[in-house]
Protein chains: 2
Amino acid sequence: MTEPKTDNAMTFAEPIAETCAGSGKSDCKHGRGENGCDDCKVRLFSVCGALEASELDELDRISQVKNFPAKTMLFDQGALAGSVFNVTEGIVRLYKSLPDGRRQIVGFALPGDFLGLALMDRYGVAAEAVTNVKVCRFARPAFLNYVDGKPHLLRRLHEFAGHELSLAQDQMLLLGRRTAEEKVAAFLLNLQTRYGRIGAMSVNVPLPMSRQDIADYLGLTIETVSRTLTKLAKEKVVVVVPDGVRLLSTDRLDQLAAA
Amino acid sequence: MTEPKTDNAMTFAEPIAETCAGSGKSDCKHGRGENGCDDCKVRLFSVCGALEASELDELDRISQVKNFPAKTMLFDQGALAGSVFNVTEGIVRLYKSLPDGRRQIVGFALPGDFLGLALMDRYGVAAEAVTNVKVCRFARPAFLNYVDGKPHLLRRLHEFAGHELSLAQDQMLLLGRRTAEEKVAAFLLNLQTRYGRIGAMSVNVPLPMSRQDIADYLGLTIETVSRTLTKLAKEKVVVVVPDGVRLLSTDRLDQLAAA
DNA sequence: CGACTGATTGAACCAGCTCAACTCATGTGG
DNA sequence: CCACATGAGTTGAGCTGGTTCAATCAGTCG
């Protein structure tokens, strides 16, 4: 019982991957491990999954691994889009703000998610690291140039954009027409599913983002999120643990989320 | 004063364009006017704007003009996506529903808008004609085949999808964080802008959709929409007229919509 | 005309918000 | 090691923006 650090069984993997982690190799040109894309853990379910080995080499050359400590900004809403990113580790919040400070989080990007899919010349949303984040960064001009003449990659980007659009429409339904309880239930199930897709399926759902983040994602207040989680806990649907929840009855949650 | 029809100056153009309207020509193979895409009023600001004359000929061959009377369904949520559409006349509502009947309209498609942008194998939303609607319909397999080998068209589709995604994110901010008054103000300005883009800029903003549609788009009830419009009218910001509103103070509306 | 449909208005209600107190974990410096 | 500060989360109590329920009104159509 004299552990210096908590033995919390639920924190989401967030190694403070320092630049050029690789294996301590010193002449790491692009700040990546020695094998570049080859040992990328998210490649297969990210946009890069559409590429051949030779194309990956080329991609390696225009990419750069970059770390963003928790709470730092990757880019701001409305800024010129100088780069596009592929998240490889950690969680990023994407949001829009009103002049008076009201904020709407439009999505949480997980490993494998691509930022800047729309390929527009300005970022439509701001992006901030929730946890420590590791990304593959591409200068936008180089990336656009790379995409030109690779219709299968463009096609893949388009597929991802279509998927994003579909998620956005689901979120509109949630924001406009669901109750607080339904929103929270849907959020938890949705996160669980997404963790599952990146190989972390479990009834333990880490919530590395703050209550405020969750509230701003669901169009609620921090108090309502807290009360709703407490209510679900009282009903034995979930257990609230430090930095996350354990889902006791996904059936009941499904019912609440009412698809 | 004995006009049989109202002399309402505000109805949005919605000719009951019967199939093969053209100029009464009878051997109209694809149900279009004699000049096909050439005299298409929306081509330049739709996805087809990316195409050369020769490519348009080819597109003509795989397309079909189709009319949907008001209130008919173009396709249902979750159905196999057999076709994609380009709206050329009228307004379409795109929506998602919950099992208990709650509905969220995720967008109104105006002339020039493309339905099925995501190119997914199932429709993510349902589409219903608000007014009488005229579309250019493409069988999805033929369209996909057509797109293959036309990267500039795919690029254009992707641009449109990116724009859609951006609009969806704006709508999330609106749904999650704006008040009723801000929602209505933003809606009216937004519609005015969109009419403007298709050459119908005016302070007169037709509202061919019902109050229920507006409510389901803004995440409100029909009564709140009605009350908010009445309030704006009392404050001389708008005038409510049959089938639409006249904007008296776009400045004040801008202020309310608070970007 | 009467029936029907969509919109407006009124009045009571309530889900979620606001404001405020309290808890709990972490950190800091004396 | 403890006193104290800090920041995130929870809980309580009262309030309110928007909903709900119920008339009423205004066109439109047969």
Side-chain angles (χ1 to χ4, degrees), chain A residues 1-8 10-11 70-71 100-104 130-131 174-185 187 206-234 238-245 256, chain B residues 1 3-8 10-11 70-71 93 100-104 130-131 174-185 187 206-234 238-245 256:
Chain A
M1 287 302 207
T2 51
E3 290 274 288
K5 281 286 166 193
T6 78
D7 58 347
N8 176 351
M10 204 143 176
T11 46
K71 294 174 191 182
D100 64 5
R102 281 176 289 175
R103 184 180 71 154
Q104 177 66 41
V130 172
T131 62
L174 178 144
L175 289 169
R177 289 300 181 217
R178 296 183 119 119
T179 65
E181 195 173 32
E182 291 169 345
K183 287 177 177 182
V184 171
F187 171 67
L207 298 176
M209 67 293 287
S210 70
R211 293 290 188 269
Q212 186 64 65
D213 285 343
I214 300 175
D216 285 347
Y217 182 57
L218 300 177
L220 297 171
T221 58
I222 185 175
E223 293 95 333
T224 300
V225 170
S226 181
R227 273 186 253 271
T228 305
L229 283 173
T230 303
K231 181 155 175 273
L232 291 176
K234 282 210 179 99
V238 305
V239 181
V240 180
V241 298
D243 303 317
V245 294
L256 288 173
Chain B
M1 288 300 206
E3 290 273 288
K5 281 285 167 191
T6 77
D7 57 348
N8 177 351
M10 206 143 177
T11 45
K71 293 173 195 185
R93 59 177 165 249
D100 64 4
R102 282 175 288 174
R103 185 180 69 153
Q104 177 67 41
V130 172
T131 62
L174 179 144
L175 289 169
R177 290 299 182 219
R178 295 182 117 116
T179 65
E181 194 173 33
E182 292 169 346
K183 286 177 177 182
V184 172
F187 171 67
L207 298 175
M209 68 291 289
S210 71
R211 293 290 187 268
Q212 186 64 65
D213 285 343
I214 299 175
D216 286 347
Y217 182 57
L218 300 178
L220 297 171
T221 58
I222 185 176
E223 293 95 334
T224 300
V225 171
S226 181
R227 273 186 254 270
T228 305
L229 284 174
T230 305
K231 181 155 175 274
L232 291 176
K234 281 208 179 102
V238 305
V239 181
V240 180
V241 298
D243 303 316
V245 294
L256 289 173

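Numbered from 1 within each chain, the chains take letters A, B, ... in sequence-line order. Keep in mind that this is a model prediction, so the values were computed, not measured.
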**Student:** Residues two or more places apart in sequence or in another chain: which of them pass ring-ring contact (aromatic ring centres under 6.0 Å, His included) with A/F187?
**Tutor:** A/Y217
**Student:** As a test of reading the structure: which of C/dT8, D/dT10, D/dT11 is closest to the side chain of B/V240, going by heavy atoms?
**Tutor:** C/dT8
**Student:** Whole angstroms only, please: what is the CG-P distance between B/D216 and C/dA7?
**Tutor:** 12 Å
**Student:** Using whole Å, what does the distance between atom P of nucleotide C/dT9 and atom NZ of B/K231 come to?
**Tutor:** 14 Å
**Student:** Testing the basics here: between A/M209 and A/V130, what is the closest heavy-atom pair and its distance to 0.1 Å?
**Tutor:** CA-CG1, 3.6 Å
**Student:** Measure CZ/A/R211 against C1'/C/dC17 and give the value in whole Å, please.
**Tutor:** 18 Å
**Student:** Once you round it to whole Å, what is the distance between C1' of D/dA8 and CE of A/M209?
**Tutor:** 15 Å
**Student:** Classify every nucleotide of nucleotides 17-22 of chain D by which part a protein heavy atom approaches to under 4.0 Å, writing B for the base, S for the sugar-phosphate alone and - for neither, in 5'-to-3' order.
**Tutor:** -SBBBB
**Student:** Using whole Å, report how far CG of A/D213 lies from P of D/dG7.
**Tutor:** 17 Å
**Student:** State, yes or no, whether a side-chain contact exists between B/R103 and B/D213 at a heavy-atom distance under 4.5 Å.
**Tutor:** yes
**Student:** Going by the rule salt bridge (charged side-chain N to carboxylate O under 4.0 Å, His left out), which residues pair with B/R177 if we only count those two or more places apart in sequence or in a different chain?
**Tutor:** A/D216
**Student:** Within this structure, what is the CG-CG distance for the pair A/D243 and A/L207, rounded to the nearest 0.5 Å?
**Tutor:** 8.5 Å
**Student:** Without decimals, in angstroms, what is the distance between A/D243 CG and C/dT26 C1'?
**Tutor:** 13 Å
**Student:** Return all side-chain donor-acceptor pairs below 3.5 angstrom for residues 225-233 of chain B, not counting sequence neighbours, or 'none' if the list is empty.
**Tutor:**
residue : atom : partner : partner atom : Å
B/T228  : OG1  : B/T224  : O            : 2.6
B/T230  : OG1  : B/S226  : O            : 2.8
B/K231  : NZ   : B/E181  : OE1          : 3.4
B/K231  : NZ   : B/E181  : OE2          : 2.9

**Student:** Nearest whole angstrom, please: distance from the P of C/dG16 to the CD1 of A/I222.
**Tutor:** 17 Å
**Student:** Roughly, in whole Å, what's the span from NZ in B/K234 to C1' in C/dT9?
**Tutor:** 9 Å
